[in-house]
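Worksheet: the structure to be examined is printed underneath.
Only heavy atoms go into these numbers, but all of them, side chains included; no hydrogens, no water, no symmetry mates.
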Amino acid sequence: IMKIQKWINKNTKQLNNKRVIITGATGGLGKELCFYLAQLNANITLAVRNETAANKLISEIKQKYPNANLAATKANG
């Protein structure tokens with residue numbers, strides 16, 4: 001059985017200097033996608049309604065990926 005890290009290394013490329021904007025980032029697939037993109041060194045902007053939840057998520061990601069480039073922006077709607 002292939003470990004996820006081995007699969008990621010084999011099947012993805014680094015996203016250095018690429019900006020990605022994620023909506024729905026604080027839960028479900030959006031949250032998992034943020035962790036995945038942080039691992040690939042993407043610059044991630046979380047477009048969120050709940051800034052407290054976004055800051056919590058940023059802290060969680062930074063614990064695992066200390067050099068992650070993350071920012072949250074308030075989305076209206």
- Considering all heavy atoms, the nearest Asn69-Arg19 contact: OD1-NH2, 4.2 Å

- Which residues satisfy the side-chain contact (heavy atoms from CB on, under 4.5 Å) test with Ala53, sequence neighbours excluded? Thr26, Asn50

- Message: Nearest 0.5 angstrom please: Ile61 CD1 to Leu46 CG, how far?
- Response: 6.0 Å

- Item | Straight-line distance of Thr73 OG1 to Glu51 CD, nearest 0.5 Å | 8.0 Å

- Task: Ignoring hydrogens and angles, tell me if any N or O in the side chain of Lys74 forms a donor-acceptor pair with the backbone of Val48 under 3.5 Å.
- Result: no

- Search all heavy atoms of Val20 against all heavy atoms of Ala42 and return the closest pair with its distance. CG2-CB, 4.0 Å

Show me, pair by pair, the donor-acceptor contacts under 3.5 angstrom made by side chains of residues 31-41, not counting sequence neighbours?
from	atom 1	to	atom 2	distance (Å)
Lys31	NZ	Glu60	OE1	3.3
Gln39	OE1	Tyr65	OH	3.3
Gln39	NE2	Gln5	OE1	2.4
Asn41	ND2	Gln14	OE1	2.4
Asn41	ND2	Asn16	OD1	3.4

- Message: Under the rule for side-chain contact (heavy atoms from CB on, under 4.5 Å), what residues qualify as partners of Lys62, not counting sequence neighbours?
- Response: Ile58, Leu70

- Of all the heavy-atom pairs spanning Ala47 and Ala75, show the shortest one and how long it is. C-CB, 4.2 Å

